[in-house]
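To start, the structure under review is shown below, and the notes come after it.
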Protein chains: 2
Amino acid sequence: MKSSYGQYCPLALAVELLSRRWTILVISRLLDGCSQFNEIHRGIPRISPSLLNQRLTELEDYELLERKKLKGQRGYSYHLTEGGLALEHIVMDMAIWGQHYARDMNNEDLDPAFLAWSMHLRMNTEMMPEGRTVIEFLFTGVPHELDRFWIVNLDGKVEMCLKNPGYEADVFVFADILDFIEVWRGFKDIHKQIRANKIKLRGSPDHVKAFPDWLMLSALAKYKRMK
Amino acid sequence: MKSSYGQYCPLALAVELLSRRWTILVISRLLDGCSQFNEIHRGIPRISPSLLNQRLTELEDYELLERKKLKGQRGYSYHLTEGGLALEHIVMDMAIWGQHYARDMNNEDLDPAFLAWSMHLRMNTEMMPEGRTVIEFLFTGVPHELDRFWIVNLDGKVEMCLKNPGYEADVFVFADILDFIEVWRGFKDIHKQIRANKIKLRGSPDHVKAFPDWLMLSALAKYKRMK
DNA sequence: CGGTATCCCCCGCGATACTG
DNA sequence: CAGTATCGCGGGGGATACCG
């Protein structure tokens, strides 16, 4: 493979693999515990299946990943090896660095599918009602096909839906996607944004009041932006 | 720039910049204290000047790097900003990870120019004679044009030469480049390799005896290979 | 020395369709 | 669902020459 740098330097050897497009993101999903193909894919919606498969194969070739045949169903289960797991603190530090210092977001970066995926992993189900709770998000500032999604909590098990799940929503959230993501990333305070009418909630008063506590926000929200 | 991932995810925003070819290596040289163009270039011999300049410009655009006009001479002085310096532990951890887990070297990775550059930064001048000491390395296993280089210590100031510096060498080192790099990286013991005749030294007995102590080896040599 | 400018090739990647 | 296969393009980057 000609991504090589022609140097024995350990940093160059590391970067040769890690700097391939999507690779770090794939590893990040694996570190998050995703173990099946489509599970990984949902967390990286914009990679093509063929390229995802290629990346997984490369990681396997480098012995950072093992793929095991699943019993009883098609497909494989993917798990990082010791070498892959050893990347955890590097990937986390890169994410924190990104939160601190990476460029500002622009409109191209506001993929709702990824937001939905992130959110469904970080709902504070302890604070949510028992049984089924359905939240419908309706965004402006995104293409029509992606302007809404649903988060469904059923007794602690949270799912995301990009298509109408068929249940009536308990809470509706209206916002410009940028405003919402700024809250999600910890740049703005949700209560202020609600008061400023940047985020509008509809539903029963109890639910609407409780809603802000249902969101744990991005795991990186606690790291403040530098400069 | 279309290296974007279409995600607001801080990790994706970080990787979008950091995973460009050569970028991490450029940052690494800057972290090592290289501040001028050709100084950086010597530490990354295989990048083309135009691409190096492009990478520096990108880092500047992302405000990780400042270029200041030099007074009294052409060119600029390059310095990492706070955001760039904040990458230090990430880059170091990646290098350590590479030493632990990256793929094995092969013949394509054994660039003598880079070895020379690495060595001249890590000579133990305290252990070397006063005045001028010239070491000539002669390697097998590399293209003829690059099969020798010189390391010159003059009272603690070490320079590397890819062309004959004109001084008679005090010590000659003959080795296959792979054998030598395995020592340099800490995979093999230099004394054993000398005894096994894998590394041959010629010169005055005092110099030959002292030579192993002149090398500090790679800064990563202390990290042992895993698996 | 310290960069710029140009040219062109190759292949990485995106898109899409397909299959068990 | 869990991947495979194919195809075509765009531009990233390698090589090289140039310039003050």
Side-chain angles (χ1 to χ4, degrees), chain A residues 1-7 12 15-26 29-30 34-60 65 67-78 108 111 145 159 161-163, chain B residues 1-7 12 15-26 29-30 34-60 65 67-78 108 111 113 145 159-163:
Chain A
M1 161 102 19
K2 209 37 214 138
S3 48
S4 147
Y5 288 97
Q7 285 185 190
V15 160
E16 154 186 341
L17 173 67
L18 300 177
S19 80
R20 289 175 192 169
R21 189 163 167 76
W22 302 108
T23 295
I24 292 276
L25 301 182
V26 173
R29 294 308 163 265
L30 291 161
C34 298
S35 68
Q36 298 188 28
F37 191 90
N38 280 6
E39 200 178 356
I40 300 165
H41 198 196
R42 253 174 275 126
I44 318 178
R46 303 174 87 106
I47 192 176
S48 76
S50 53
L51 192 48
L52 175 54
N53 184 59
Q54 187 181 323
R55 289 293 176 263
L56 291 168
T57 303
E58 289 164 7
L59 288 170
E60 211 187 347
L65 183 67
R67 90 202 299 156
K68 297 179 189 152
K69 259 225 155 317
L70 281 173
K71 311 187 179 183
Q73 39 177 323
R74 345 181 54 58
Y76 302 87
S77 163
Y78 299 90
E108 321 283 293
D111 181 9
E145 329 80 76
E159 300 196 332
C161 307
L162 298 180
K163 298 182 177 175
Chain B
M1 158 98 25
K2 213 31 219 149
S3 48
S4 147
Y5 288 97
Q7 285 184 190
V15 160
E16 155 186 341
L17 173 67
L18 300 178
S19 79
R20 289 175 192 168
R21 189 162 167 77
W22 300 109
T23 295
I24 292 276
L25 301 182
V26 172
R29 293 309 163 264
L30 290 161
C34 298
S35 68
Q36 298 187 27
F37 191 90
N38 279 6
E39 201 178 355
I40 300 165
H41 199 195
R42 253 174 274 126
I44 318 178
R46 303 174 87 107
I47 193 176
S48 77
S50 53
L51 193 49
L52 174 54
N53 184 59
Q54 186 181 321
R55 289 295 176 262
L56 292 169
T57 305
E58 288 165 8
L59 288 170
E60 214 188 345
L65 183 66
R67 82 196 314 151
K68 297 178 188 153
K69 259 227 154 316
L70 282 174
K71 311 185 181 188
Q73 38 175 325
R74 327 183 43 61
Y76 303 87
S77 164
Y78 299 90
E108 320 283 292
D111 181 10
E145 329 80 77
E159 299 195 332
M160 56 168 277
C161 308
L162 298 179
K163 298 182 177 175

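Letters go in sequence order (proteins before strands), and every chain restarts at 1. Every value quoted in this text rests on a predicted model; they were computed, and no experiment measured them.
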Report yes if a side-chain nitrogen or oxygen of R20(A) is closer than 4.0 Å to either non-bridging phosphate oxygen (OP1 or OP2) of dC13(C); otherwise report no. no
Table of protein N/O atoms under 3.5 Å from nucleotides 5-9 of chain C N/O atoms:
residue : atom : partner : partner atom : Å
dA5(C)  : N6   : S50(B)  : OG           : 3.2

Would you confirm whether Y5(A), through its side chain, and W22(B), through its main-chain N or O, come within 3.5 Å as a donor-acceptor pair? yes
Atom CG of N38(A) and atom C1' of dT4(D): how far apart are they, to the nearest Å? 13 Å
Please tell me if W22(A) has a side-chain N or O lying less than 4.0 Å from either OP1 or OP2 of dG14(C). yes
Does R46(B) have any salt bridge (charged side-chain N to carboxylate O under 4.0 Å, His left out) partners at least two apart in sequence or in another chain, and if so, which? D111(B)
Return no unless some side-chain N or O of Q36(B) is found under 4.0 Å from OP1 or OP2 of dG2(C). yes
Acceptor/donor pairs from residues 35-44 of chain A side chains to any protein atom, 3.5 angstrom cut, sequence neighbours excluded:
residue : atom : partner : partner atom : Å
E39(A)  : OE1  : S35(A)  : N            : 3.2
E39(A)  : OE1  : Q36(A)  : N            : 3.2
H41(A)  : NE2  : I47(A)  : O            : 2.6

Rounding to a whole Å, what distance do you find between L51(B):CG and dG14(D):P? 6 Å
Residue whose closest nucleotide on DNA chain C lies nearer the 5' end, E39(B) versus R46(A): E39(B)
Between atom CZ in R55(A) and atom C1' in dC13(C), what is the gap in whole Å? 8 Å
Residues passing the side-chain contact (heavy atoms from CB on, under 4.5 Å) test with R55(B), sequence neighbours excluded, are R20(B), R21(B), T23(B), V26(B), L51(B), E58(B)
Between Q54(B) (CD) and dG14(D) (P), how many Å, whole number? 10 Å
So for the helix from dC1(C)-dG20(D) to dG20(C)-dC1(D), with five pairs setting each end axis, what is the inter-axis angle to 10°? 40°
Give every pair of a protein N or O atom and an N or O atom of nucleotides 18-20 of chain C that lie under 3.5 Å apart, one pair per line with the distance.
residue : atom : partner : partner atom : Å
dG20(C) : N2   : R74(A)  : NE           : 3.1

Short side-chain N/O contact from Y78(A) to OP1 or OP2 of dG3(D), under 4.0 Å: yes
It should be established whether N53(B) places a side-chain nitrogen or oxygen under 4.0 Å from OP1 or OP2 of nucleotide dT4(C). yes
